[in-house]
Undergrad: 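Take this structure, written in structure tokens, and hold onto it; I'll ask about it next.
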Number of protein chains: 2
Amino acid sequence: MNKKAPIPLGIASNRADETYLRLKDELFNFYLLPGDYFSENEIAARMAVSRTPVREALFRLQREGYVRVMPRVGWQVRPLDFDKFDQLYEIRILLEESSLQRLVRKENISNIKMLMATWCCLPDERESDAKAVWLQDEQFHAGLVEAGGNAEMSRIHQDVMERLRIIRRLDFTKAQRVNATYEEHAAILGQIQRGRIGEAQRLLRSHIEASRLEVHKITLSMLYEARLEKNRAY
Amino acid sequence: MNKKAPIPLGIASNRADETYLRLKDELFNFYLLPGDYFSENEIAARMAVSRTPVREALFRLQREGYVRVMPRVGWQVRPLDFDKFDQLYEIRILLEESSLQRLVRKENISNIKMLMATWCCLPDERESDAKAVWLQDEQFHAGLVEAGGNAEMSRIHQDVMERLRIIRRLDFTKAQRVNATYEEHAAILGQIQRGRIGEAQRLLRSHIEASRLEVHKITLSMLYEARLEKNRAY
DNA sequence: TGATGAGCTCTTGTATACCAGACGGAGCAC
DNA sequence: GTGCTCCGTCTGGTATACAAGAGCTCATCA
């Protein structure tokens with residue numbers, strides 16, 4: 001029984017991607033807590049792969065700011081840095097606002113119509129599942145940037161959103177927040193359709209600012225609970 | 001003599017970084033030409049290291065958009081994509097403009113004064129070495145963003161500048177361009193000092209646009225020459 | 001009692017062996 | 001002549017062996 005299991009590969013096409021996704025999942029669910037120390041061997045044993053794909057995954061996560069390596073010492077989960085999150089929110093606002101600006105110049109509003117189908121609907125047609133709303137919200141903001149027509153800007157926006165995801169995913173748990181999101185998105189799209197870009201930008205900015213503040217509040221308690229949860233498990 | 005050489009390590013602290021820097025150097029000097037195919041073994045043999053650090057370096061370069069891997073087939077140097085460069089220039093403008101905006105709000109002009117010492121000088125005090133001017137130019141634009149006070153935005157700006165470097169470094173070869181750079185930078189800083197941010201933004205935008213157009217022209221001929229140069233060598 | 005250093009153990013960094021898949025060319029069938 | 005199949009050889013993907021440094025433990029000595 002010294003032979004390894006046949007093929008424990010997941011949906012990813014290789015073990016490195018698989019390990020990357022699993023590790024990110026553990027980071028997002030606070031199984032790996034900010035500040036924790038760990039080693040490559042530890043991860044490799046837990047995920048039943050060799051150190052090679054683990055290292056590849058960790059380097060990617062390091063590049064994205066989630067973990068850091070201390071040479072010949074070990075790895076650490078980077079502590080949550082709310083100043084950094086604020087800065088990323090500011091960049092989000094900048095990118096999305098400027099995409100609206102270019103939108104009106106390029107008359108590229110086909111994406112916008114698709115977004116309206118999702119967001120400009122009657123209250124009883126609204127999605128209620130938190131995770132589904134969160135996904136649609138991601139698509140809304142990505143869609144605005146894509147409509148701007150700058151693919152590199154979309155890529156950067158996606159990176160920023162990715163880095164915010166660890167705290168943003170804790171939003172959309174209260175019905176009130178979901179309803180507010182629907183109304184604000186619809187209002188923004190409405191102003192765009194009327195060609196009032198300036199007003200749309202103003203609404204967009206305050207919409208994102210509201211999200212930022214809300215997430216601040218939620219995350220602190222959620223992180224605390226996640227910490228308790230993990231401690232209970234041992 | 002089957003024992004390897006003792007320590008052929010360069011300035012980097014490990015072979016992976018060393019390999020990364022050497023590869024990027026070869027990319028920037030068009031020793032590795034856009035469109036070229038190559039394998040990990042080939043690089044490893046040429047740089048006298050094992051595949052492990054080579055792979056780590058290549059993954060970093062892939063993430064930065066210089067190369068791409070085709071699984072179980074090989075690696076390719078990504079062709080130069082001028083549309084992409086245009087998009088990156090647009091992002092540069094956005095980031096630097098918005099940094100000026102925040103500058104006036106935060107009254108954070110200590111960086112600006114340092115920049116003025118370099119750029120607001122008499123014509124005979126100007127740096128003439130192309131490489132030195134290029135370095136100062138990088139610092140000027142990075143300095144503007146840093147003065148905005150958003151560290152994450154600085155990081156993104158740095159990434160964008162890095163990706164533009166392969167074509168931007170071919171600029172600053174003509175004295176005329178150097179002089180224009182000095183005058184335009186001085187003008188921008190002058191407007192900032194007078195608190196006329198809007199005008200500074202306008203100048204900054206046209207300054208970057210001019211650089212973009214100039215680089216377009218230069219690069220096509222330089223790349224052609226680099227191609228000839230390499231063919232001559234064989 | 002306190003300082004110190006040898007050495008053990010753990011870490012990441014690097015090299016290498018092995019695997020499966022992709023591709024191309026030779027050879028055969030038609 | 002043309003197309004198909006098989007097989008050898010190359011590739012990157014993965015596992016593993018080895019090297020070297022950081023840090024801790026504990027014994028030793030002043």
Side-chain angles (χ1 to χ4, degrees), chain A residues 1-24 27 32 35-78, chain B residues 1-23 26-27 32 35-78:
Chain A
M1 196 46 202
N2 57 354
K3 205 61 183 170
K4 54 175 163 280
I7 300 172
L9 208 62
I11 60 166
S13 61
N14 57 35
R15 294 193 206 284
D17 288 352
E18 177 83 8
T19 306
Y20 167 79
L21 292 174
R22 288 185 63 182
L23 274 174
K24 194 146 80 174
L27 288 166
L32 287 173
D36 274 2
Y37 294 90
F38 62 94
S39 75
E40 296 172 2
N41 278 321
E42 189 183 323
I43 305 295
R46 188 145 50 80
M47 311 227 165
V49 296
S50 77
R51 276 179 57 216
T52 306
V54 170
R55 279 171 63 81
E56 192 178 320
L58 285 175
F59 287 137
R60 285 176 65 183
L61 291 168
Q62 174 171 242
R63 191 145 202 82
E64 292 168 16
Y66 294 113
V67 300
R68 66 174 185 143
V69 62
M70 289 160 290
R72 298 184 197 284
V73 175
W75 291 80
Q76 184 190 26
V77 182
R78 291 191 90 109
Chain B
M1 197 43 198
N2 58 353
K3 206 63 183 168
K4 55 177 163 276
I7 301 172
L9 208 61
I11 60 166
S13 60
N14 58 34
R15 295 193 206 284
D17 288 352
E18 176 84 8
T19 306
Y20 167 79
L21 292 174
R22 286 185 63 182
L23 275 174
E26 294 192 349
L27 288 166
L32 287 173
D36 274 3
Y37 293 90
F38 62 94
S39 75
E40 296 174 0
N41 278 320
E42 188 182 324
I43 305 294
R46 186 145 52 80
M47 310 225 167
V49 296
S50 78
R51 276 179 57 215
T52 306
V54 169
R55 279 171 62 80
E56 192 177 321
L58 285 176
F59 287 138
R60 287 177 62 182
L61 291 168
Q62 173 171 244
R63 191 141 202 85
E64 292 169 17
Y66 294 113
V67 299
R68 66 174 184 146
V69 62
M70 288 159 291
R72 299 183 196 283
V73 175
W75 290 81
Q76 183 191 27
V77 182
R78 289 192 92 108

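Letters go in sequence order (proteins before strands), and every chain restarts at 1.
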Undergrad: Identify all pairs in which a protein N or O lies below 3.5 Å from an N or O of nucleotides 9-11 of chain C, and state each distance.
TA:
| from | atom 1 | to | atom 2 | distance (Å) |
| --- | --- | --- | --- | --- |
| C/dT11 | OP1 | A/Ser39 | OG | 3.3 |

Undergrad: Please tell me which of A/Arg51 and B/Val69 maps to the more 5' nucleotide of DNA chain D, matching each residue to the nucleotide holding its nearest heavy atom.
TA: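 Looking at the nearest nucleotide for each, B/Val69 comes out on the 5' side.
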Undergrad: Does a donor on one side chain and an acceptor on the other come within less than 3.5 Å for A/Glu42 and A/Tyr37?
TA: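 Side-chain D/A pair, A/Glu42 to A/Tyr37: absent.
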Undergrad: Which nucleotide wins on minimum distance to the side chain of A/Ser50, given the candidates D/dT16, C/dT14, C/dG13?
TA: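 When the side chain of A/Ser50 is considered, D/dT16 is the closest of D/dT16, C/dT14, C/dG13.
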Undergrad: Check this for me, if you would: do A/Arg15 and A/Glu56 make a salt bridge, where the nitrogen-to-carboxylate-oxygen distance has to be below 4.0 angstrom?
TA: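 No, this pair does not count.
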Undergrad: Nearest-nucleotide wise, let me know which of A/Pro71 and A/Thr52 is further upstream toward the 5' end of DNA chain C.
TA: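 The residue mapped nearer the 5' terminus is A/Pro71.
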Undergrad: Taking CD from B/Gln76 and P from C/dC23, how many angstroms apart are they, rounded to a whole number?
TA: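 To the nearest whole Å, that distance equals 14 Å.
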Undergrad: Using salt bridge (Lys or Arg N to Asp or Glu O under 4.0 Å), reason through B/Arg22 and B/Asp17 one step at a time and then give a plain yes or no.
TA: CA-CA 9 Å; B/Arg22 286 185 63 182; B/Asp17 288 352; over 6 Å; no
Undergrad: So, is A/Arg55 close to the D/dT14 phosphate, meaning a side-chain N or O under 4.0 Å from OP1 or OP2?
TA: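 Negative; the distance criterion is not met.
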Undergrad: Give the intermediate values and the outcome of side chain to side chain contact (heavy atoms under 4.5 Å, CB included) for residues A/Leu58 and A/Trp75.
TA: CA-CA 9 Å; A/Leu58 285 175; A/Trp75 291 80; 3.6 Å; yes
Undergrad: Using side chain to side chain donor-acceptor pair (under 3.5 Å) as the criterion, list what pairs up with A/Gln62, not counting sequence neighbours.
TA: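 With neighbours one apart ignored, the set is empty.
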Undergrad: Within residues 56-65 of chain A, which residues have any heavy atom lying less than 4.0 Å from an atom of DNA chain D?
TA: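 Residues of residues 56-65 of chain A that come under 4.0 Å of DNA chain D do not exist, since none gets that close.
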